[in-house]
Amino acid sequence: MTTENERSDFIRDMIKEDLATGRFDRVQTRFPPEPNGYLHIGHVKAMAMDFGVAEQFGGICSLRFDDTNPAKEEEEYVEAIMEDIRWLGFDWEDRLYFASDYFEQLYEFALQMIKAGKAYVDDLSAEEIREYRGTLTEPGKDSPWRERSVEENLDLFKRMRAGEFQNGEKTLRAKIDMSHPHINMRDPVMYRILHEEHHRTGDQWVIYPMYDWAHGQSDSLEGVTHSLCSIEYKNHRPLYDWFLDQLGIFHPQQIEFARFNMTYTVMSKRRLVQIVKDGYVRGWDDPRMITLAGMRRAGIPPEAIRAFIEHVGVGLSLSTIQHSKFDHFVRDDLNQRANRVNGVLRPLKVVLTNYPEGQEEMMEFPNHPDYPERGTRKVPFTRELYIEQDDFREDPPNKFWRLAPGREVRLRYGYLVTCTNVVKDEKGEIVEVHCTVDPETRGGNAPDGRRVKGTLHWVSAEQALDAEVRLYDRLFIHPFPMEAEGHFTDYINPKSLEVIENAKVEPSLGDAKVGDRFQFERVGYFCVDPDSTEEKLVFNRTIALRDSWAKIEKQQGG
RNA sequence: UGGGGAGUGGUGCAAUGGUAGCACAGAGGCCUUUGGAGCCUUUGAUCUUGGUUCGAGUCCAGGCUCCCCAGCCA
């Protein structure tokens with residue numbers, strides 16, 4: 001096991017170096033989400049780095065909302081994001097910050113830049129700025145407003161703040177170099193005019209700082225030592241450094257690392273929005289979504305998500321993690337965490353013809369076979385039971401060792417039963433099967449030591465509870481929906497949700513609460529959905545158990 | 001034909017210049033009152049061409065491929 005203190009990657013190595021050389025004598029990081037949407041699994045990597053690195057080096061990590069664009073940001077997202085971070089188990093303690101807290105200071109810094117002749121007010125329109133910027137291979141050219149005097153710039157910038165101009169009429173730009181080979185250094189915009197209500201500052205401001213102007217200075221003001229971010233900001237580090245150097249203030253080190261993709265899903269906020277808006281799922285917290293809210297509702301434990309993230313690796317190359325890897329960590333966690341219960345998804349009635357009517361025996365089930373300390377519970381065994389339709393075949397194929405005419409199987413922790421008869425309706429559909437029970441085999445063991453290969457789960461027909469079960473599957477049928485021909489929504493899995501209205505679950509589940517997780521033996525992991533009512537439980541399938549019979553059947557061409 | 005970054009089994013991550021290893025996936029087997037879990041075995045990789053070296057995934061030079069950047073988004 002790699003403990004948190006042993007973890008190593010190129011970022012941690014750089015930090016160790018910084019500590020060793022005395023460049024920094026402490027470690028401080030920050031997680032800086034923009035409150036314009038929900039957190040998804042991609043953000044977990046950033047959180048694991050920010051919070052994990054701080055913890056490893058005995059430092060601190062804060063939560064800072066990067067709320068510099070009032071047109072996109074909402075308080076609703078602030079609340080949702082904080083809930084998701086807490087759920088994952090990360091703690092910013094009392095260090096909750098907002099970039100908007102620094103608007104006044106940032107304005108003062110801007111004044112300082114103007115006075116130093118390092119920033120100017122530009123009258124060019126958005127379109128003109130683009131034209132003047134040049135292209136990736138051709139240099140840009142100076143704005144005609146680039147050489148305004150400090151006094152004029154000061155005056156204009158103050159009037160920008162005072163609201164004398166309309167959106168887009170003017171910007172404040174850094175005065176760097178319009179022919180710089182690095183396009184981000186060609187006089188980037190520092191402030192734009194936005195007559196918008198801000199979720200925190202209301203109508204106090206009509207000029208808002210751009211990311212590049214806000215982020216580094218925010219880091220500096222907070223005393224962040226290591227500003228970890230994803231790789232697309234690598235192109236912004238020269239600017240990050242430049243602003244800090246011009247201002248001469250505390251200079252944190254920005255370090256970038258690669259994001260990752262996952263097969264059978266899409267990771268960008270924009271696509272996730274579309275999936276929700278176009279109604280492919282029921283909302284941001286739909287269990288098929290890779291949002292934290294969605295995964296929470298699906299029943300995926302936060303620990304599983306963190307364990308998974310620790311195994312995606314930290315580097316600078318774009319990676320595509322196979323969905324099966326994620327599945328592995330979900331199953332691995334749930335296998336230990338989830339207690340076992342009996343749930344029959346597609347009930348088939350079994351009548352035990354030699355079992356007395358009205359008789360009821362309470363059979364003892366371990367809550368978890370690997371953890372006896374979790375105790376046992378009593379499950380009623382009666383003459384009429386339900387088993388899974390899949391567990392009976394009138395004409396069993398090769399290697400099918402479940403119930404069939406003349407076959408004996410074990411009803412787990414119940415009895416050994418032998419199928420004697422199949423009852424069909426007028427259409428030829430099997431409506432029930434008759435079996436005889438061997439009374440000597442109570443608990444599922446034969447005194448004569450005979451071996452029974454098949455073991456089935458079951459519930460009492462009279463005492464089982466009705467439940468709705470929502471069987472979720474991966475949202476996409478293509479491993480790379482973004483790269484496949486056509487539109488990514490063409491590859492949405494039409495069978496990503498199957499609702500079973502009349503599943504039967506054991507009576508002990510009457511006590512289950514929203515969010516409780518169980519393994520339905522031999523079926524999969526399930527979680528109680530918030531849609532559950534007093535009358536009817538609703539379960540979400542988190543993930544199915546590995547099904548090696550399905551594999552055999554497929555190999556057999558069945 | 002600008003700037004920046006990356007190339008190791010199917011996927012992801014390792015490897016002071018010294019036996020290319022781990023995880024997931026795949027295949028085979030053992031075990032089993034979950035066809036679950038667990039255990040064992042196994043297939044399979046250094047982008048390319050040169051160079052330095054006793055020895056190169058690692059160092060050097062050239063080439064190729066992929067990713068990011070031309071928002072008044074973050």
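The sequence lines fix the lettering, A, B, ..., with proteins before strands; numbering per chain opens at 1.
The residue among A/Gly315 and A/Phe326 whose nearest nucleotide of RNA chain B lies closer to the 5′ end is A/Gly315.
As judged by a 4.0 angstrom heavy-atom cut-off over every strand, A/Glu521 is placed among the base-contacting residues. A/Pro209 comes within 4.0 angstrom of the backbone, heavy atoms only, and of no base. Nucleic acid contact class of A/Asp66 (heavy atoms, under 4.0 Å, all strands): sugar-phosphate only. Among the heavy atoms of the strands, none lies under 4.0 Å from A/Phe65. Residue-level contact check: A/Thr137 touches the bases, meaning some heavy atom is under 4.0 Å from a base atom. Residue-level contact check: A/Gln519 touches the bases, meaning some heavy atom is under 4.0 Å from a base atom. As judged by a 4.0 angstrom heavy-atom cut-off over every strand, A/Met210 is placed among residues touching the sugar-phosphate backbone only. A/Asn445 comes within 4.0 angstrom of a base, heavy atoms only. Here A/Pro369 lies in heavy-atom contact (under 4.0 Å) with a base. Counting any heavy atom pair closer than 4.0 Å across all strands shown, A/His180 reaches no nucleic acid atom. Contacts of A/Leu545 with the nucleic acid, taken as non-hydrogen atoms under 4.0 Å apart, include base atoms. If you check every strand for non-hydrogen atoms under 4.0 Å, A/Ile309 touches nothing. Residue A/Val314 is classed as a sugar-phosphate contact, given heavy-atom separations below 4.0 Å to backbone atoms only.
With both ends at atom C1', the span from B/rA25 to B/rG44 equals 12 Å, rounded to whole Å. Using atom C1' as the reference point in both B/rU1 and B/rU43, the two lie 45 Å apart (nearest Å). Across B/rA56 and B/rG50, the matching P atoms stand 14 Å from one another, rounded to whole Å. Only the C1' atoms considered, B/rU16 is 25 Å distant from B/rG12, to the nearest whole Å. A distance of about 36 Å separates the P atoms of B/rC67 and B/rG28, rounded to the whole Å. Look at the P atom in both B/rU49 and B/rU8: the space between them is 16 Å, to the nearest Å. Atom name C1', nucleotides B/rC39 and B/rA45: the rounded distance is 27 Å, in whole Å. Between B/rU58 and B/rU48, the two P atoms lie 11 Å apart (nearest whole Å).
Pair check for B/rU8 finds none; no Watson-Crick or G-U wobble contact set falls under 3.5 Å. Across the strands present, B/rA37 finds no partner; the criterion is a Watson-Crick or G-U wobble pair with both atom distances under 3.5 angstrom. Nucleotide B/rU16: unpaired (no Watson-Crick or G-U wobble partner with both distances less than 3.5 Å). Under the Watson-Crick or G-U wobble criterion, with both distances below 3.5 Å, B/rG2 is paired with B/rC69. With a 3.5 Å ceiling on both atom-pair distances, B/rA74 lacks any Watson-Crick or G-U wobble partner.
For A/Phe518 and A/Tyr525, the gap between ring centers reaches or exceeds 6.0 Å. Here A/Tyr264 and A/Phe480 keep their ring centres 6.0 angstrom or further from each other. You'll find the ring centres of A/Trp213 and A/Tyr102 outside the 6.0 Å limit. Remark: aromatic rings of A/Phe157 and A/Tyr107 are close, center separation under 6.0 Å.
A/Arg173 places its CZ atom 12 Å from the C1' atom of B/rA70, with the value rounded to the nearest Å. Atom CG in A/Asp390 sits roughly 19 Å away from atom P in B/rU34 (whole-Å rounding). Atom C1' of nucleotide B/rA23 and atom CZ of A/Phe329 are separated by 7 Å, given to the nearest angstrom. Taking atom CG of residue A/Leu316 and atom P of nucleotide B/rG7, one finds them 8 Å apart after rounding to whole Å.
The two residues A/Tyr191 and A/Phe103 make their nearest non-hydrogen contact at OH-O, 4.3 Å.
When A/Phe257, A/Tyr240, A/Tyr211 are each tested for a ring-ring contact (aromatic ring centres under 6.0 Å, His included) with A/Tyr233, only one passes: A/Tyr211. Residue A/Ser227 is tested with A/Asp219, A/Thr29, A/Asp50 for a side chain to side chain donor-acceptor pair (under 3.5 Å); the sole match is A/Asp219.
The cationic group of A/Arg161 lies under 6.0 Å from the six-membered ring centre of A/Trp205 and within 45° of the ring axis, placing it in a cation-pi geometry.
Taking the six-membered ring for Trp and thresholds of 30 and 60 degrees, A/Phe526 and A/Phe520 have nearly parallel ring planes, at less than 30 degrees apart.
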query = Which parts of nucleotides 25-32 of chain B does protein reach within less than 4.0 Å, heavy atoms only, written one letter per nucleotide 5' to 3' as B for base, S for sugar-phosphate only and - for none?
reply = SSS----S
